[in-house]
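The block underneath contains the structure these notes are about, expressed in structure tokens.
Counting convention: from 1, in listed order, for ligands and their atoms alike.
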Amino acid sequence: MALDLAAAARWTARFAALIEENKQYLIDLDAQIGDADHGANLDRGMKKVMELDVTGFASPGDYLKKVGMTLVSTVGGASGPLYGTFFLRLGAAWPEEGDAAGLGAALRAGLEGIQARGKAVVGDKTMVDALAPAVDAYDAAAGSGTGPALAAAAAACAAGRDATIPLVARKGRASYLGERSAGHQDPGATSVTLLLDAAAETLG
Ligand code: ADP
Ligand code: MG
């Protein structure tokens, strides 16, 4: 499947729908270890993204960069700049040829942007716990093509999300709780799994 402008727009539209469906769930997760705004933050941002006129962009990369800028300016909190940076870097690295390895490199650029900005590593109980193994799984399966690689990435993302439950948070608002953050699933790891699910459904 071509990784063209229409594909990028399908991905963001599916992500926006999944965020809307799971808005209350994400709010409830953030209520446990944060300030109960993650679902509302992302839903507001993705609704703004859905107002963009996709036909006005020259390339999928340009569109995804604008998605990132829109999220930076509308989502707020910790996750706004982090999701925004992800999409900015993703758009900048989006493969012109639409090949599986190129998509993996773009996803990794997005992950590196999140880590450059937020300084979180795997084990800190953040979205990085889900996204980093997802990108690794993508690369490991990229030889089989975009579809199998995205399916592997989504599965690894969900496993990384689940693995945040016992962890003590070391980054973000949840870290203020110390040991009391253990026993709760990280909201950002949960939303980024929806992003990978959306990718597997629309780009695979
Ligand atoms: P806030 O914490 O400002 O209310 P959100 O509730 O929207 O922002 O997002 C919280 C999520 O952001 C957390 O669940 C976590 O996954 C992610 N997060 C917070 N800080 C970092 C960080 N430094 N690096 C990566 N992800 C982070
Ligand atoms: Mg919050």
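For the pair Ala78 and ligand 1, the shortest N or O to N or O distance falls below 3.5 Å. Residue Lys171 places no N or O, backbone or side chain, under 3.5 Å from any N or O of ligand 1. Among the atoms of Lys119, none of the N or O lies under 3.5 angstrom from an N or O of ligand 1. Remark: ligand 1 and Gly118 share an N or O pair separated by less than 3.5 Å (distance only, no angle test).
The aromatic rings of Phe87 and Phe15 are tilted relative to each other, their planes meeting at an angle between 30° and 60°.
Shortest distance from the Mg ion (ligand 2) to Asp37 is reached at OD1 (N/O/S atoms only).
Using modelled atom types, one finds a donor on one side chain and an acceptor on the other under 3.5 Å when comparing Gln24 with Asp28. Side-chain atoms of Thr164 and Gln185 form no donor-acceptor pair, as typed in the model, at a separation below 3.5 Å. Using a 3.5 Å distance cut-off with no hydrogens or angles, the side chains of Tyr63 and Thr12 do pair a donor with an acceptor. The closest side-chain donor-acceptor pair between Tyr83 and Ser191 falls under 3.5 angstrom.
Atom 5 (P) of ligand 1 has its closest protein heavy atom at His38 ND1, 3.4 Å. Regarding atom 2 (O) of ligand 1, its nearest protein heavy-atom neighbour is Arg173 NE, 3.6 Å. In this structure, the protein non-hydrogen atom closest to atom 14 (O) of ligand 1 is Asp186 OD1, 2.6 Å. If you check which protein heavy atom lies closest to atom 7 (O) of ligand 1, you get Ser79 OG, 2.6 Å. Among protein heavy atoms, the minimum distance from atom 21 (C) of ligand 1 is reached at Leu82 CD1, 3.6 Å. Residue, atom and distance of the protein heavy atom nearest to atom 17 (C) of ligand 1 are Met127 CE, 3.9 Å.
Of the possible polar contacts, none joining the Trp94 side chain to the Arg89 backbone as a donor-acceptor pair under 3.5 Å is found. The backbone N or O of Asp136 lies less than 3.5 Å from no partner atom in the side chain of Asp139, so there is not a single donor-acceptor pair. Lys125 places a side-chain N or O within donor-acceptor distance of the main-chain N or O of Ile165, the cut-off being under 3.5 Å.
Contacts of Asp30 with ligand 1, taken as heavy-atom pairs under 4.0 Å, involve the side chain alone.
A salt bridge does not link Glu20 to Lys23: none of the charged nitrogens lies less than 4.0 Å from a carboxylate oxygen.
Listed by number with element, the atoms of ligand 1 under 4.0 angstrom from any heavy atom of Asp37 are 4 (O), 5 (P), 6 (O). Distances below 4.0 Å separate heavy atoms of Gly172 from the following atoms of ligand 1: 19 (C), 20 (N). Ligand 1 places these atoms under 4.0 Å from at least one heavy atom of Gly188: 13 (C), 14 (O), 16 (O).
Atoms OD1 of Asp35 and OD2 of Asp30, as seen from the Mg ion (ligand 2), are separated by an angle of 90°, to the nearest 10°.
Counting heavy atoms of neighbouring residues, nucleotides and ligands inside a 6.0 Å radius, atom CZ of Arg44 exceeds 12 of them.
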Could you walk me through whether Asp53 and Thr55 satisfy the side-chain hydrogen bond (donor to acceptor under 3.5 Å, both in side chains) test, starting with their C-alpha distance in whole Å, then the side-chain angles of each, then the deciding distance to 0.1 Å, before giving a yes or no?
CA-CA 6 Å; Asp53 175 13; Thr55 60; 2.6 Å; yes

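Compare Ser175, Ala130, Ala120, Gly39 by their heavy atoms: the one nearest to atom 24 (N) of ligand 1 is in Ala120.
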